[in-house]
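Worth knowing before you read on, the calculation uses all heavy atoms, side chains too, and leaves out hydrogens, waters and symmetry mates. Every chain is numbered from 1, with letters handed out A, B, ... down the list of sequences.
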Number of protein chains: 2
Amino acid sequence: MTDRLPHPPRSGAADDTLRSDAAGNRDRILDAARALFVSRGPDVPMREIARHAGVGPATLYRRFPTKRDLVAEALADRMRACRDIAEEGLADPDPWRGFRRVIERICALHARDRGLTEAFVAGFPDALDLAAGRAETLRTIAELARRAKDSGDLRPDFVLADLILVLMANKGIQAPTPAARAAASRRFAAYVVQAFRASPDHTPLPPVAGPL
Amino acid sequence: MTDRLPHPPRSGAADDTLRSDAAGNRDRILDAARALFVSRGPDVPMREIARHAGVGPATLYRRFPTKRDLVAEALADRMRACRDIAEEGLADPDPWRGFRRVIERICALHARDRGLTEAFVAGFPDALDLAAGRAETLRTIAELARRAKDSGDLRPDFVLADLILVLMANKGIQAPTPAARAAASRRFAAYVVQAFRASPDHTPLPPVAGPL
DNA sequence: CGTTAACCGGACGCCCCCGTCCGCCTCGTT
DNA sequence: AACGAGGCGGACGGGGGCGTCCGGTTAACG
C-alpha cells in the first residue's frame, strides 16, 4: 500500500513518457483513424485501423483500450475547430451574419466525419476533453443566438436543441463521394439558415419534446 | 419447351396458392418484420424476425430469399401511404398548403421507420413495387411543387432532389423513444417548410451537385 | 556494448450473423 | 383413413469482428 510505484499512475492525458517507437505508432494510429473515419465513417473495425496504421491489433488495444478512447483522441482537434468557429462567429460585429456562418461552417465540418456529430449529439461523459469542448462551443453559440435574437434576425423561438437537431439531420445526409456529401450538406445548411431567420409571419413551431 | 407446366411460373406478386399454414406463417413474418423495423430499426437480424414470428430461419428464408424482398413486402403499404399523401396534397385547392402538408406528413411517416427512407433514397431497382410507388409519389410531388411555385409560395430554386435531401436528413434524427423522435421530426419538418417558403430576399442556394 | 524492461504483432477463443441442408410433420386430397 | 406433396424448424459450416495472451524484438540506459 505504501510502496512507491516505479511509474506514477499515468494521468488520463497523453503520456509523453512513451518509448519513441511506441509514440510513433500512437501517432500513426491516430492518423489512420482520422483518415478512415473521414473516408469510411465512424464504424470502421478497430482491426482495419490497426492494419492501415501498420500495427497489430494488440498495439491498438493497448494504447486505446476502447474505441471511444480512440475516437475522443482522434476528434480532439475537430472539436477545437468547432470551438474556434463558434468564437469567430461571436466575434462578428453582426450577430446574425456570425450565427449564419457558424451554422454553415459547423455543418461543413460535421459533414466531413460523422463521428464528430456523434460526439456532439451523445456528448459522452467519459472523454472529458470532448465533453468540455462541446460544452464550451454550445455556450458560445447560445450567447451568439441570444444576440442574434436581440438584433431581430434570428427567430425568437429558436432553442439550442435545434442546433443539435440540425446536426443530427446533417449526419443523415449521404452521398456516393465525400465531395457530393459536402455539396449536399452545404445546400442543406443554406436551407437551415433560411429556416432560422426571423420572419414576420411566425407560424408557431411544434414543441421540442413531444407531449408527456 | 411446349410442355404445359403444372404450376404457371409464379408471378412476382404474392402467390395465393399457398398452403394455409404457410400463408399464416407468411403473414406473421410480415407482421413481426414491420413491428421490429419500427421498434428497432431496419437492421434487425433475420433471425430475430423469425424468432419473433415463431418460425424457424429456414421458413423465413424460403418465403423471402433475401432481406430486400422482406423489406419490400413489409413496406409496401407504407409506400402506398406515401403515394396517398402526395395525391391528397395535390388535391388541395391551395398548392402551398398541400405541399406543406405533404412535407409534414411524409416526414412523420418516415420518422416512424427508417427502412422506408432507405427505400426512398436508394430506390432499389429490384423490388419493383417499391420503385414504382416511389416514382409515382415523386411525380405527384413534382407536379405539386410546380403549382406551388406558380402560386409564388414555394421558392423557385426548389428542386425535387431537395425532398430526398430532407428525407435523408430526417432519417438522421435520433431520440430515445419513438414518441420523442416523432416530436423532433415534427419540429424539423416545420423548419423545413419555413426554409422552402418563397421569400423576397432569395439568397442564392448552393448547387445541388458540387463543382465537377 | 550488455542488460533490461517495455513494446510489438501473430495467434487464439469467443460470439453473432448469415444462408443452406435434411429428416420429421401436417395439410389437402383421394 | 391413408397417401403424398409441400412445409417446417433444428442443426451445420462459413465468415467476420472482438478482446486478450505470449514469445520474440528493440529502444533506452548504464
Task: Point-to-point distance, once rounded to the nearest 0.5 Å, from CG of B/Leu75 to CZ of B/Phe37 - done: 7.0 Å

TODO: Check whether any side-chain nitrogen or oxygen of B/Arg63 sits under 4.0 Å from OP1 or OP2 of D/dC8, and answer yes or no.
DONE: yes

- [ ] For the pair B/Val102 and B/Leu90, evaluate side chain to side chain contact (heavy atoms under 4.5 Å, CB included) and give the outcome as yes or no after the intermediate values.
- [x] CA-CA 9 Å; B/Val102 166; B/Leu90 190 61; over 6 Å; no

Task: Residues which pass salt bridge (charged side-chain N to carboxylate O under 4.0 Å, His left out) with B/Arg28, listed by chain and number, not counting sequence neighbours - done: none

Open item on the list: Nearest 0.5 angstrom please: A/Phe196 CZ to A/Asp157 CG, how far?
Closed with: 10.0 Å

Task: Stretch residues 34-43 of chain B: residues that reach within less than 4.0 Å of DNA chain C through a heavy atom - done: none

Open item on the list: Just the rounded figure in Å: distance from P of C/dC7 to CD1 of A/Ile29.
Closed with: 12 Å

Open item on the list: Please report the distance, rounded to the nearest Å, between NZ in B/Lys67 and P in C/dG19.
Closed with: 9 Å

TODO: Give the rounded distance in Å between these two atoms: CZ of B/Arg62 and P of C/dC21.
DONE: 12 Å

Task: Length of the line joining A/Asp27:CG and C/dC8:P, which is rounded to integer Å - done: 12 Å

TODO: Measure the distance from CZ on B/Arg28 to C1' on D/dG7 and round it to the nearest whole Å.
DONE: 13 Å

Task: Between P of C/dC18 and CZ of B/Phe64, the distance in whole Å - done: 16 Å

- [ ] Would you mind classifying the nucleic acid contact of B/Gly54 as base, sugar-phosphate or nothing, using non-hydrogen atoms under 4.0 angstrom?
- [x] sugar-phosphate

Task: Gap between atoms CE and P, on A/Met46 and D/dT20 respectively (whole Å) - done: 10 Å

TODO: Starting from the C-alpha separation in whole Å, work towards a yes-or-no answer on side chain to side chain contact (heavy atoms under 4.5 Å, CB included) for A/Arg187 and B/Val159.
DONE: CA-CA 11 Å; A/Arg187 191 170 172 96; B/Val159 294; 3.8 Å; yes

Please output the side-chain donor-acceptor pairs of residues 166-173 of chain B that fall under 3.5 Å, not counting sequence neighbours, one pair per line with the distance.
{"unit_1": "B/Asn170", "atom_1": "OD1", "unit_2": "B/Ser185", "atom_2": "OG", "d": "2.8"}
{"unit_1": "B/Asn170", "atom_1": "ND2", "unit_2": "B/Cys107", "atom_2": "O", "d": "3.3"}

Task: A/Glu143/A/Arg139 under salt bridge (Lys or Arg N to Asp or Glu O under 4.0 Å): CA gap, chis, key distance, verdict - done: CA-CA 6 Å; A/Glu143 170 62 14; A/Arg139 228 178 303 124; over 6 Å; no

Review item, nucleotides 10-15 of chain D N/O atoms under 3.5 Å of protein N/O:
none

Task: Worked check of side chain to side chain contact (heavy atoms under 4.5 Å, CB included) between A/Arg181 and A/Arg114 - done: CA-CA 11 Å; A/Arg181 186 163 67 224; A/Arg114 301 202 273 270; 3.2 Å; yes

Open item on the list: Between B/Arg78 and B/Asp113 (salt bridge meaning N to carboxylate O under 4.0 Å), is one present in this structure?
Closed with: yes

Open item on the list: Expressed as a whole number of angstroms, how long is the span from A/Tyr61:OH to C/dC8:P?
Closed with: 16 Å

Open item on the list: How long is the straight-line distance from CD1 of A/Ile49 back to CG of A/Leu30, given to the nearest 0.5 Å?
Closed with: 9.5 Å

Measure all distances between protein nitrogen or oxygen atoms and nitrogen or oxygen atoms of nucleotides 27-30 of chain D, and list the pairs falling under 3.5 Å.
{"unit_1": "D/dA27", "atom_1": "O3'", "unit_2": "A/Ser20", "atom_2": "OG", "d": "3.2"}
{"unit_1": "D/dA28", "atom_1": "OP1", "unit_2": "A/Ser20", "atom_2": "N", "d": "2.8"}
{"unit_1": "D/dA28", "atom_1": "OP1", "unit_2": "A/Ser20", "atom_2": "OG", "d": "3.0"}
{"unit_1": "D/dA28", "atom_1": "OP2", "unit_2": "A/Ser20", "atom_2": "OG", "d": "3.4"}

Task: Residue-phosphate contact under 4.0 Å: B/Asn25 side-chain N/O, D/dC8 OP1/OP2 - done: yes

- [ ] Name all residues meeting the side chain to side chain contact (heavy atoms under 4.5 Å, CB included) criterion together with A/Asp27; count only those two or more places apart in sequence or in a different chain, and write none if there are none.
- [x] none

Task: A/Ala22 vs B/Glu48, nearer the 5' end of DNA chain C by closest nucleotide - done: A/Ala22

Task: Ring centre gap for B/Tyr191 and A/Tyr191 strictly below 6.0 Å - done: no

